[in-house]
K.L.:
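Okay, handing you the structure first.
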Amino acid sequence: MRWREVFFLRSDDNINNNDEININDTEEPLVYCDNVVKLFKKDKIEVMALQGLDLTINKGEFMAIIGKSGSGKSTLLNMLGGLCRPSAGEVMMDGINLNTCTEKELVNYRKKTVGFVWQKSGRNLFNYLTSVENIEAVMCYSNLSAKEKREKAIELLELVGMSHKKNSLPQEMSGGEQQRVAIAVALANDPKILLADEPTGAVDSATAKHILTLFKTLNREKKITIIIVTHDMKLASQVDRIVMIADGKISTEKLMREQYRETMELLGETDISSHEEYSILDKANRIKLDDEILKEAGIDSKKVRIKVEDGRVIILPEK
Ligand code: ADP
Ligand code: MG
């Protein structure tokens, strides 16, 4: 299975060589993480949730973060959202240094630059407010008049296809409908970046697909940069780029070409594993080979042979 194959980056390979993603190389990246470490201390036990993570995200990207439970996905997303600061390393978001900015700047960043969608609708919506009131509630810091806020809230509900439920309370709506309203809430302050932590984790697969389509439309039409955490590979295949976190670091990166995906879907092919895939070398040029790759290659000791042949790096089992 090619998802598990390792492609070594050759100097003539260019990760950004993707016509489908609107990337402008000359522009500063919107998100820049350099060697980010996050340490949690609990009852004298230390957990390294992020262990030297590097990540660059350009404006307008629609990307997914995948990885096993406990690999650090939520920690990364919370950090990008300014909910916690790194223990070491650098996080730059839209030109703001999240390590060194003041608390006030951080609060401002959370209010204006990012929007959040969580898995549990209870974290997204006040259950005693209607859809339209939930959106208005997060606009409390804006300078809009009450009338303008109402108009904007209705517009956002139209955008997510939920204007018919504008006066409904969360418990009067299905899980999928609540998540659509949650997306409208997240967009209320016109964020540049939308962060979603397992936004489809609590809905059925058909609803999940619809929600993903909505994210994609928002990305394409509104040019919002969207970063979602998911463990559903089928959903992840809808985005432009997938990065996989293992042990608090980005280990693999996959680019999805729209044209290729559409052809595959037409053919009824659900295996999205043959898109372009890259393993990431860390700062010391180390690469992570997971157990499955080693097993497939018949490598069962800690010593391997490395050969360079015709521009390829080949790793062979010990003789
Ligand atoms: P994921 O979202 O990929 O499942 P998390 O980012 O939630 O992973 O967690 C990564 C690691 O950090 C886990 O070992 C988790 O227990 C730990 N962790 C996350 N948040 C905290 C916290 N607030 N306090 C202590 N440990 C935490
Ligand atoms: Mg998580």
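Everything numeric in this text was worked out from a predicted model, so none of it was measured. Every number for a ligand or one of its atoms is a count from 1 in the order of the listing.
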K.L.:
With respect to atom 12 (O) of ligand 1, which of Gly67, Ser71, Ala49, Gly72 exhibits the smallest heavy-atom separation?
P.N.:
Ala49
K.L.:
Can you pull out the closest protein heavy atom to atom 13 (C) of ligand 1? Residue, atom name and distance to 0.1 Å, please.
P.N.:
Gly70 O, 4.0 Å
K.L.:
Side-chain donor-acceptor contacts of residues 186-200 below 3.5 Å, not counting sequence neighbours, with atom names and distances?
P.N.:
| residue | atom | partner | partner atom | Å |
| --- | --- | --- | --- | --- |
| Asn189 | ND2 | Val138 | O | 3.0 |
| Asp190 | OD1 | Lys152 | NZ | 3.4 |
| Asp190 | OD2 | Lys152 | NZ | 2.9 |
| Lys192 | NZ | Asp94 | OD1 | 3.3 |
| Lys192 | NZ | Asp94 | OD2 | 2.8 |
| Asp197 | OD2 | Ser74 | OG | 2.7 |
| Glu198 | OE1 | His231 | ND1 | 2.7 |

K.L.:
In terms of residue, atom name and distance, what is the protein heavy atom nearest to atom 6 (O) of ligand 1?
P.N.:
Thr75 OG1, 2.5 Å
K.L.:
Return yes when atom NZ of Lys112 has more than 12 non-hydrogen atoms of other residues, nucleotides or ligands closer than 6.0 Å, and no otherwise.
P.N.:
no
K.L.:
Check ligand 1 against Lys68 and write out every atom of the ligand that is under 4.0 Å from a heavy-atom position of the residue.
P.N.:
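Those atoms are 3 (O).
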K.L.:
Can we say Glu318 and Arg305 salt-bridge, meaning some charged N sits less than 4.0 Å from an Asp/Glu carboxylate O?
P.N.:
no
K.L.:
Are any of the N/O atoms on Phe40, whether in the backbone or the side chain, positioned under 3.5 angstrom from an N/O atom of ligand 1?
P.N.:
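No; the residue has no nitrogen or oxygen that sits under 3.5 Å from a nitrogen or oxygen of the ligand.
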K.L.:
With a 4.5 Å heavy-atom cut-off, do Glu61 and Arg241 have their side chains touching?
P.N.:
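Yes, their side chains come closer than 4.5 Å.
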K.L.:
Determine if the distance from atom 9 (O) of ligand 1 to the closest protein heavy atom is below 4.0 Å.
P.N.:
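Within 4.0 Å of atom 9 (O) of ligand 1, protein heavy atoms are found.
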K.L.:
Would you call the rings of Phe126 and Tyr128 parallel, tilted or perpendicular, taking 30° and 60° as the class edges?
P.N.:
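Tilted.
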K.L.:
Between the side chain of Asn108 and the main-chain N/O of Lys104, is any donor-acceptor distance below 3.5 Å?
P.N.:
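Side chain of Asn108 to backbone of Lys104: no pair is present.
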K.L.:
Could you tell me the residue and atom name of the protein heavy atom closest to atom 17 (C) of ligand 1, and the distance to it rounded to 0.1 Å?
P.N.:
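I find the closest protein heavy atom is Val47 CG1, 3.8 Å.
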K.L.:
So how far is it from Leu169 CG to Lys165 NZ, rounded to the nearest 0.5 Å?
P.N.:
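Going from the CG atom of Leu169 to the NZ atom of Lys165 covers 11.5 Å.
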K.L.:
Under 4.0 Å between a side-chain nitrogen and a carboxylate oxygen: does that hold for Arg85 and Glu103?
P.N.:
yes
K.L.:
Can you confirm whether something in the protein, heavy atoms only, sits under 4.0 Å from atom 22 (C) of ligand 1?
P.N.:
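It does: a protein heavy atom is found less than 4.0 Å away from atom 22 (C) of ligand 1.
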K.L.:
Within the structure, does Ser74 bring an N/O atom to less than 3.5 angstrom of an N/O atom in ligand 1?
P.N.:
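Between Ser74 and ligand 1, an N or O pair is found under 3.5 Å apart.
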K.L.:
Do the side chain of Arg180 and the main chain of Val160 share a donor and acceptor less than 3.5 angstrom apart?
P.N.:
yes
K.L.:
Using 2.8 Å as the cut-off, note every protein N, O or S atom close to the Mg ion (ligand 2).
P.N.:
Ser74 OG
K.L.:
Give me the one residue out of Asn97, Val36, Leu76 that meets side chain to side chain contact (heavy atoms under 4.5 Å, CB included) with Val91.
P.N.:
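Considering Asn97, Val36, Leu76, a side chain to side chain contact (heavy atoms under 4.5 Å, CB included) with Val91 is found only for Val36.
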